[in-house]
Colleague: 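Structure in structure tokens, see below.
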Amino acid sequence: MKKGFVFDLDGVITDTAKYHYIAWKELAAEIGIDIDLKFNEQLKGISRMDSLERILSLGNKNDAYTEIEKEALATKKNTQYVQLLQSLTPDDLLPGVKEFLDQAKEKNIPCGIASASKNAPFILDKLGVMSDFDAIVDPATLKKGKPDPEIFVQAALALGIDPAEAIGFEDAQAGIDGIKAAGMYAVGVYSGEELHGADIIVEKLTELNIDELLSK
Ligand code: B16
Ligand code: MG
């Protein structure tokens, strides 16, 4: 029997990828780099600074900026991103999420967040689901980002369970790889890109039977 759920945020609880894309596209354009939606797929689940490095690398500009200038570029993108997040409301929860969290609460199954986003607490607050989570990993405390299993292991331990007793939900390949490396059962939430290695793939959480899932 599994004893807890660990959720990625962007792409599983809500779709903030579109806002990340708008903000990165604008920032990239300012420094002469054009990114498209296909490239944006690579940025899912990847930290802010790693995302910037991938964009600079696309434009062959990794060595064009000092670390301080890179920090400034990332901060500029984040300011624009946070501006876009202001309009989030509980209506922006992905289908079936609130119902799933309510069922978990009824069954006393703890839920945690394993998101690479430093904006996760703000986003959860805007979505009105902050109190539905028993633990939120602070990505600033991590040595390595996804696909390293560290964030998922930390989330399970914060819920008071062994990673092998946890079920992880992810929409990005880096996240599925991290969940599996942590020894957890992986639910892939399909977002248009192929996901490899997930134990089950759904488009919406409404497709899942919570009791069946816990028996895995
Ligand atoms: P921030 P997740 C990730 O969220 C996003 O998928 C990724 O695109 C973003 O770069 C990362 O958070 C960091 O976000 O700039 O807000 O700290 O999918 O891990 O919930
Ligand atoms: Mg995600």
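FYI, side chains are in, hydrogens and waters are out, and symmetry mates aren't considered; it's all heavy atoms of this structure. Note that ligands are numbered from 1 as they come in the structure, with each ligand's atoms numbered from 1 the same way.
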Colleague: Side chains of Asp92 and Leu127: closer than 4.5 Å at any heavy-atom pair?
Modeller: yes
Colleague: Numbering the atoms of ligand 1 from 1, which are under 4.0 Å from a heavy atom of Tyr81?
Modeller: 16 (O)
Colleague: Return yes or no for this condition: an N or O of Ser115 is under 3.5 Å from an N or O of ligand 1.
Modeller: yes
Colleague: Specify the protein heavy atom at minimum distance from atom 8 (O) of ligand 1: its residue, its atom name, and the distance to 0.1 Å.
Modeller: Leu43 O, 2.9 Å
Colleague: If hydrogens are left out, which of Ser51, Gly11, Gly45 has an atom nearest to atom 6 (O) of ligand 1, that is, the closest non-hydrogen atom?
Modeller: Gly45
Colleague: Could you establish whether Lys146 and ligand 1 come within less than 4.0 Å of each other, counting only heavy atoms on the residue side?
Modeller: yes
Colleague: When only distance counts, is Asn119 in polar contact with ligand 1, meaning an N/O pair under 3.5 Å?
Modeller: yes
Colleague: Check whether the ring centres of Phe169 and Phe7 lie less than 6.0 Å apart, and answer yes or no.
Modeller: yes
Colleague: More than 12 heavy atoms of other residues, nucleotides or ligands under 6.0 Å from CD of Glu194: is that the case?
Modeller: no
Colleague: Tell me, please, which residues at least two apart from Glu150 pass salt bridge (charged side-chain N to carboxylate O under 4.0 Å, His left out).
Modeller: none
Colleague: Is the shortest side-chain N to carboxylate O distance from Lys25 to Asp36 below 4.0 Å?
Modeller: no
Colleague: Give the contacting part of Lys118 toward ligand 1: side chain, backbone, both or neither, where contact means a heavy-atom distance below 4.0 Å.
Modeller: both
Colleague: Does NZ belonging to Lys126 count more than 12 external heavy atoms closer than 6.0 Å?
Modeller: yes
Colleague: Would you call Asp50 and Arg54 a salt bridge, using N to O less than 4.0 angstrom?
Modeller: no
Colleague: A cation-pi test, strictly: NZ or CZ of Lys77 under 6.0 Å from the centre of the six-membered ring of Tyr81 and no more than 45 degrees from its axis. Yes or no?
Modeller: yes
Colleague: Looking only at distances, please establish whether an N/O atom of ligand 1 is found under 3.5 Å from an N/O atom of Arg48.
Modeller: yes
Colleague: Have a look at the Mg ion (ligand 2) and estimate, to 10 degrees, the angle subtended by O (Asp10) and OD1 (Asp171).
Modeller: 90°
Colleague: Suppose we measure from atom 5 (C) of ligand 1 to each protein heavy atom; which comes out shortest, and what is that distance?
Modeller: Asp10 OD2, 3.4 Å
Colleague: When you look for heavy atoms under 4.0 Å from ligand 1, do you find them on the side chain of Ala116, its backbone, both, or neither?
Modeller: both
Colleague: Is any side-chain heavy atom of His196 closer than 4.5 Å to one of Ile201?
Modeller: no
Colleague: List the closest protein heavy-atom neighbour of atom 9 (C) of ligand 1: residue, atom name, distance to the nearest 0.1 Å.
Modeller: Ile46 O, 3.2 Å
Colleague: Please list the nearest protein heavy atom to atom 18 (O) of ligand 1 with its residue and the distance rounded to 0.1 Å.
Modeller: Asp8 OD1, 2.8 Å
Colleague: Looking at Leu9, which atoms of ligand 1 are within less than 4.0 Å of one of its heavy atoms?
Modeller: 20 (O)
Colleague: Looking only at N, O or S atoms, find the one in Asp8 nearest to the Mg ion (ligand 2) and name it.
Modeller: OD2
Colleague: Any side-chain donor-acceptor pair under 3.5 Å between Thr16 and Asp10?
Modeller: yes
